[in-house]
Amino acid sequence: DSCIQFTRHASDVLLNLNRLRSRDILTDVTILVNRQQFRAHKTVLMACSGLFYSIFTDSLKCSLNAISLDPKVDPDGFAILLEFMYTSRLSLKESLIMAIMNTAIYLQMDHVVDTCHRFIKSSDP
Amino acid sequence: YEGVNTIKEMGRSIHEIPRQD
C-alpha cells in the first residue's frame, strides 16, 4: 500500500485561513483589546490558545460574537500573537518581548511562552 | 500509516485563495 503525503498541505491551509481573515470571510468573533478590535475565526483561536479553547468549549460562551480581554493585555502584543496563529511566524521585537510573553501567558500559549523565555535568556548579556 | 509506503508530494495541495478579488 502507498499513500501520498502533501508536505505543504498544513501551511497551504493556514495561508488560506489567513487570506480569509484578511478579507473578513467567515470570521465569527471580534476580540476587543482595550479599544482595538481584531476579527478572527473561533476555530483558529481555540486551536492555538488554551484560554480561547476554554471560552469556546463553554456552552454559555461559545456563541458570543465579541470577547473583551483583560484591559491589562497589550494590543500590540496580542496583534503579534494573532499574526503568529495564522502564519506560524512569531515576530519577537525586543521592545515588545515582555508584552508578547505576558499576553502569551494570559492566552495560555505555553510553547510561545517558552520561546519568549529562551529569547530573553539568549539576549541577556 | 505504519508500514505504508509514503510518497512525498512537494507541490501545492489546494487552490490559493486570492488576497482580494
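Residue numbers begin at 1 in each chain, while the letters A, B, ... track the order of the sequences.
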- Message: Quick check for you: to the nearest 0.5 Å, what is the distance between A/R8 atom CZ and B/K8 atom NZ?
- Response: 14.5 Å
- Message: Within the structure provided, determine whether B/E9 and A/T7 are in side-chain contact (heavy-atom separation under 4.5 Å).
- Response: no
- Across all chains, not counting sequence neighbours, the side chain to side chain contact (heavy atoms under 4.5 Å, CB included) partners of A/L60 are A/D58
- Item | Sequence-distant partners of A/F38, ring pair (Phe, Tyr, Trp, His ring centres under 6.0 Å), two or more places apart | A/F78
- Query: How long is the gap from OG on B/S13 to CG on A/N16, to the nearest 0.5 Å?
  - Reply: 8.5 Å
- Task: Flag yes if more than 12 heavy atoms outside A/D24 fall under 6.0 Å of its CG atom; otherwise flag no.
- Result: yes
- Is there a path of hydrophobic side-chain contacts, each under 4.5 Å between heavy atoms of I, L, V, M, F, W or Y residues, that connects A/L26 with A/I31? yes
- Sequence neighbours excluded, which residues qualify as salt bridge (Lys or Arg N to Asp or Glu O under 4.0 Å) partners of A/D70? none
- Query: Between A/R19 and B/R19, does a side-chain contact (heavy atoms from CB on, under 4.5 Å) hold up when you go through it step by step?
  - Reply: CA-CA 6 Å; A/R19 293 269 169 89; B/R19 287 172 198 275; 3.4 Å; yes
- Message: Assigning hydrophobic clusters by single linkage (Ile, Leu, Val, Met, Phe, Trp, Tyr; side-chain heavy-atom cutoff under 4.5 Å), is A/F6 placed with B/V4?
- Response: no
- Would you say A/L15 and B/R12 make side-chain contact, with heavy atoms under 4.5 Å? yes
- Item | Residue-level contacts of residues 96-106 of chain A with chain B, using a heavy-atom cutoff under 4.5 Å | none
- Message: Within the 4.5 Å heavy-atom criterion, are B/I14 and A/H9 side-chain neighbours or not?
- Response: yes
- Item | Atom CD of A/E94 with >12 non-hydrogen neighbours under 6.0 angstrom | no
- Considering only heavy atoms from C-beta outward, does the side chain of B/I17 approach that of A/L20 to under 4.5 Å? yes
- Task: Under 4.5 Å, counting heavy-atom pairs only, tell me which of A/N18, A/V13, A/D12, A/I25 racks up the most with chain B.
- Result: A/D12
- Non-hydrogen atoms of A/S2 and B/I7 that approach each other most closely: CB-CD1, 4.2 Å
- Are A/L32 and A/M46 connected in a single hydrophobic cluster, I mean Ile/Leu/Val/Met/Phe/Trp/Tyr linked by side-chain heavy atoms less than 4.5 Å apart? no
